[in-house]
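Working notes, beginning with the structure itself.
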Amino acid sequence: MTAADGARDEAELWASLMDVEPSGWDSVSPTELETVGFFDPADDLDRRAARWSHDLPDHRLGSLAAFAAGLAVAEADAWERDEPHIATRALEDRRFLVGDRIIHWAVPWLDAVAEERPDVRDEMLDHRTVLLEIGDRLRPAPALTEREGTVLDGHDAFGPLEPPGPVGTVRGGLVLLDNGAADGADLAARHEAAAARWRGLAASHPGTARLWGDLADRADATAERLDG
């Protein structure tokens with residue numbers, strides 16, 4: 001498979017995520033701001049899209065998937081025109097997009113919707129599989145034996161470790177759409193189960209293993225707080 005073929009194949013994967021949001025679901029908007037709760041990436045996303053003359057209507061997962069698909073097509077076209085400088089820029093911009101603006105929150109969000117909407121559970125988990133496959137292709141966050149220099153002191157891949165992340169967001173280790181209906185013991189158990197699930201993803205998806213290891217640690221820390 002040529003580099004252009006690989007990019008076009010990835011574009012098809014992204015295209016499958018463009019209509020990812022289940023109908024009639026308004027409880028949580030699938031954006032980084034809502035699921036991580038650290039900062040609003042709107043200006044950064046709009047600036048990156050503008051560099052490619054792409055109209056980004058909002059910052060939801062489907063819109064970001066359309067942008068990423070366009071970048072993959074731009075890469076393929078550039079390889080075929082023998083313009084490697086454009087192809088590599090499209091690849092690196094897409095790699096940043098998936099690692100820093102999509103996969104770290106979208107995978108946990110898809111998990112949450114799968115749990116809350118049994119009617120679309122299989123579809124949401126299929127979308128999660130697609131994102132993880134893209135992550136293994138682009139390898140934006142592989143596990144590293146040394147973390148020094150990769151994140152600021154007191155931070156992990158999701159942001160500052162203190163104060164602890166709020167329950168129900170990625171910074172707490174698990175996206176929850178119904179945490180107001182659960183008691184402390186149930187929430188603790190759900191976070192413990194999530195930690196095991198994230199470690200399973202870290203073992204099976206090396207391209208994004210660092211994210212899931214950090215998320216598992218956050219889920220464990222939240223479970224301990226809730227148990228205490």
So the ring-ring contact (aromatic ring centres under 6.0 Å, His included) pairs with at least one residue in residues 59-86 (sequence neighbours excluded) are His54-Phe67
Among pairs that include at least one residue of residues 196-228, which meet ring-ring contact (aromatic ring centres under 6.0 Å, His included), considering only residues two or more places apart or in two chains?
none
Does the side chain of [Y] come within less than 4.5 Å of [X]'s, by heavy atoms?
X	Y	answer
Arg51	Asp93	yes
Leu97	Arg48	no
Leu174	Val167	no
Leu110	Val20	yes
Glu10	Arg137	yes
Arg199	Asp220	yes
Leu56	Asp46	yes
Asp44	Phe96	yes

Could you give the distance from [atom1] ([X]) to [atom2] ([Y]), rounded to the nearest 0.5 Å?
X	Y	atom1	atom2	value
Thr31	Trp109	OG1	CH2	10.0 Å
Met124	Asp111	CE	CG	11.5 Å
Leu161	Asp217	CG	CG	9.0 Å
Ser63	Asp55	OG	CG	9.0 Å
Arg89	Glu83	CZ	CD	11.0 Å
Asp77	Ile86	CG	CD1	10.0 Å

Using atom types as modelled and distance alone, determine if a side-chain donor or acceptor of [X] lies under 3.5 Å from a backbone N or O of [Y].
X	Y	answer
Asp40	Leu33	no
Thr2	Asp5	yes
Arg95	Arg139	yes
Arg218	Gly172	no
Asp214	Asp156	no

Mind running salt bridge (Lys or Arg N to Asp or Glu O under 4.0 Å) on Arg190 and Glu115 for me, showing each step along the way?
CA-CA 11 Å; Arg190 292 174 72 175; Glu115 184 173 342; 2.9 Å; yes
Closest non-hydrogen atom pair between [X] and [Y], with its separation:
X	Y	result
Ala202	Ala209	O-CB, 3.4 Å
Arg94	Ala72	NH1-CA, 3.5 Å
Ser16	Leu13	OG-O, 2.6 Å
Ile103	Pro108	O-CD, 4.0 Å
Pro160	Arg171	O-NH2, 4.0 Å
Leu226	Ala188	CD1-N, 3.6 Å

Short N-O contact, Glu80 and Arg8, less than 4.0 angstrom:
yes
Same cluster or not: are [X] and [Y] linked, directly or through other Ile, Leu, Val, Met, Phe, Trp or Tyr residues, by side-chain heavy atoms under 4.5 angstrom apart?
X	Y	answer
Val73	Leu138	no
Leu177	Val107	yes
Leu132	Ile134	yes
Val130	Leu61	yes
Trp52	Ile102	yes

Candidate pair Glu32 and Arg60, rule salt bridge (Lys or Arg N to Asp or Glu O under 4.0 Å), full reasoning
CA-CA 8 Å; Glu32 179 179 353; Arg60 299 163 76 90; over 6 Å; no
Just do the side-chain hydrogen bond (donor to acceptor under 3.5 Å, both in side chains) check on Thr129 and Asp126 with the steps written out, would you?
CA-CA 5 Å; Thr129 297; Asp126 286 345; 5.1 Å; no
Going through the checks in order, is the side-chain contact (heavy atoms from CB on, under 4.5 Å) test met by Val170 and Val175?
CA-CA 5 Å; Val170 169; Val175 175; 3.5 Å; yes
Kindly check if the number of other-residue, nucleotide or ligand heavy atoms within 6.0 Å of CG (Asp19) is above 12?
no
Kindly check if the number of other-residue, nucleotide or ligand heavy atoms within 6.0 Å of CG (Asp153) is above 12?
no
